[in-house]
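Taking it in order: structure first as structure tokens, then the write-up.
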Amino acid sequence: MKKLIIVLAIIAVLILLSYTYVKGIYNNIVEKDQGIKSAWGQVENVYQSRFDKIPQLVNVVKGYKNHEQSTLIAVTEARAKVGGVMKIDPKDIGDPEKLKAFQQAQNSLGGALQRLMVVQERYPELKANENFLRLQDEISATENSIKIERRRFNEEVKSYNVYIKKFPQVILANSMGYTEKAYFSAAEGSDKAPDTSFEDK
């Protein structure tokens, strides 16, 4: 009888230890997954901030007779494309195709915006416009924030991906449907804020 009790006690302890161990792994996966979602929320916030400032910038530039219509049209069209992929459902953050579409739209808008900023070198009166200078500073700061938040997002993704690929986490992760997430891989050169200086060259 004593032996049976001892065996049952050992089995109970082993079950409890296994449960605690599996619970710990699962909770870590969930925490890292939520970390990615939180970081992605910040990425969306800074992109939204840039998105919201562009109409103001376009309106300031439109006030000048000599502005270049083709550049303004390019910015407006790129912004419209971004509007179509502005938000990614939290469950789809790790989807490489959806992240790629988001990145392509944002990179296109960033490029068009940079062309708009640079082309204003030709208009000294625009350089002196207080609204334009304020927006220029705000957009430059936003571009720097985008760079920072993208890096933080990638750090969260790396931590998660490494964790779920290790043994024994990989077993639980696969069985629970937790798969590898895609990294934010910006186009070459887009990790730098646009040149928004207007000093005479």
Side-chain angles (χ1 to χ4, degrees), residues 1-53 79 81-110 138-193:
M1 190 66 177
K2 280 186 176 181
K3 287 183 179 179
L4 180 60
I5 293 173
I6 292 171
V7 169
L8 291 175
I10 291 172
I11 291 172
V13 168
L14 289 175
I15 291 172
L16 181 61
L17 289 174
S18 298
Y19 168 78
T20 303
Y21 186 66
V22 170
K23 178 184 173 184
I25 291 174
Y26 176 76
N27 287 343
N28 281 336
I29 293 173
V30 170
E31 185 177 333
K32 289 178 183 297
D33 184 58
Q34 290 301 312
I36 291 173
K37 290 174 182 175
S38 175
W40 182 254
Q42 287 303 108
V43 168
E44 287 185 326
N45 285 342
V46 291
Y47 273 122
Q48 183 70 50
S49 178
R50 179 177 74 175
F51 184 83
D52 292 342
K53 287 180 177 69
R79 184 178 183 273
K81 288 179 183 176
V82 164
V85 293
M86 197 67 197
K87 295 287 182 184
I88 294 181
D89 190 295
K91 71 179 187 304
D92 295 327
I93 291 171
D95 186 322
E97 291 305 313
K98 291 189 177 178
L99 191 57
K100 183 179 178 182
F102 178 89
Q103 290 175 211
Q104 286 175 339
Q106 293 292 355
N107 290 343
S108 175
L109 178 57
E138 289 177 6
I139 289 174
S140 180
T142 301
E143 292 292 339
N144 287 328
S145 295
I146 288 170
K147 178 181 176 182
I148 290 167
E149 297 305 336
R150 286 189 311 217
R151 186 181 71 242
R152 287 178 180 164
F153 171 75
N154 277 349
E155 287 170 356
E156 292 288 344
V157 170
K158 179 181 178 182
S159 175
Y160 167 88
N161 284 345
V162 168
Y163 186 78
I164 67 163
K165 290 292 183 183
K166 289 182 178 179
F167 183 84
Q169 295 95 288
V170 65
I171 298 170
L172 184 61
N174 287 341
S175 67
M176 299 292 291
Y178 285 97
T179 57
E180 189 172 1
K181 307 284 188 187
Y183 289 94
F184 190 106
S185 54
E188 187 176 346
S190 64
D191 60 337
K192 298 175 183 175

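We number each residue from 1, following the sequence as shown. Computed over heavy atoms, backbone and side chain alike; hydrogens, waters and symmetry mates excluded.
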Mind checking side chain to side chain contact (heavy atoms under 4.5 Å, CB included) for Glu138 and listing every partner two or more places apart, or none if nothing turns up? Lys53, Arg134, Leu135
Exercise: identify the closest heavy-atom pair between Tyr160 and Thr179: OH-O, 2.8 Å
Spell out, as yes or no, whether a donor-acceptor pair under 3.5 Å connects the side chain of Arg79 to the backbone of Phe51. yes
So how far is it from Gln106 CD to Phe184 CZ, rounded to the nearest 0.5 Å? 7.0 Å
How close do Pro96 and Ala182 get, counting heavy atoms only, and between which atoms? CA-CB, 3.9 Å
List in chain and number order the residues that pass salt bridge (Lys or Arg N to Asp or Glu O under 4.0 Å) with Lys98, two or more places apart in sequence or in another chain; answer none if no residue qualifies. Asp92
Give a yes or no answer on whether the side chain of Ser175 reaches the backbone of Ile171 with a donor-acceptor pair at less than 3.5 Å. yes
May I ask you to say whether Arg152 pairs ionically with Glu149, meaning some side-chain N is under 4.0 Å from a carboxylate O? yes
Sequence neighbours left out, what passes side chain to side chain contact (heavy atoms under 4.5 Å, CB included) with Val22? Give chain and number order. Leu172
Using the side chain to side chain contact (heavy atoms under 4.5 Å, CB included) rule, take Tyr183 and Leu99 through it: C-alpha gap first, then chi angles, then the decisive distance, then the call. CA-CA 8 Å; Tyr183 289 94; Leu99 191 57; 5.9 Å; no
Which pairs, with at least one residue in residues 40-50 and sequence neighbours excluded, count as a salt bridge (charged side-chain N to carboxylate O under 4.0 Å, His left out)? Glu44-Lys87, Arg50-Glu143
Asp52: what forms a salt bridge (Lys or Arg N to Asp or Glu O under 4.0 Å) with it, not counting sequence neighbours? none
Looking only at atom types and distance, does a side-chain atom of Ser38 sit under 3.5 Å from a main-chain N or O of Gln34, one as donor and one as acceptor? no
To the nearest 0.5 angstrom, please state how far the CG atom of Asn28 sits from the CD1 atom of Ile164. 13.0 Å
Of all heavy-atom pairs between Phe153 and Ala39, which one has the smallest distance, and what is that distance? CA-CB, 3.7 Å
Indicate whether any N or O donor in one side chain lies under 3.5 Å from an N or O acceptor in the other, for Asn45 and Gln42. yes
Rounded to the nearest 0.5 Å, the CG atom of Asn154 sits from the CD1 atom of Ile36 at a distance of 10.0 Å
Where do Val43 and Val46 come nearest, in terms of heavy atoms and distance? O-CG2, 3.2 Å
Go through the steps to decide whether Val82 and Tyr47 satisfy the test side chain to side chain contact (heavy atoms under 4.5 Å, CB included), and finish with yes or no. CA-CA 10 Å; Val82 164; Tyr47 273 122; over 6 Å; no
Give a yes or no on this: more than 12 heavy atoms of other residues, nucleotides or ligands lie within 6.0 Å of atom NZ of Lys37. yes
Please say whether more than 12 non-hydrogen atoms of neighbouring residues, nucleotides or ligands are located less than 6.0 Å from CD in Glu155. yes
Spacing of CD1 belonging to Ile146 relative to CD1 belonging to Ile139, to within rounding of 0.5 Å: 10.0 Å
Looking at CD of Gln48 and OG1 of Thr142, how far apart are the two atoms once the value is rounded to the nearest 0.5 Å? 11.5 Å
Test your reading of the model: is there a side-chain donor-acceptor pair from Asn161 to the backbone of Lys181, 3.5 Å cut-off? yes
Under 4.5 Å between any side-chain heavy atoms of Ile29 and Tyr26, yes or no? no
Which residues share a salt bridge (Lys or Arg N to Asp or Glu O under 4.0 Å) with Asp95, sequence neighbours left out: none
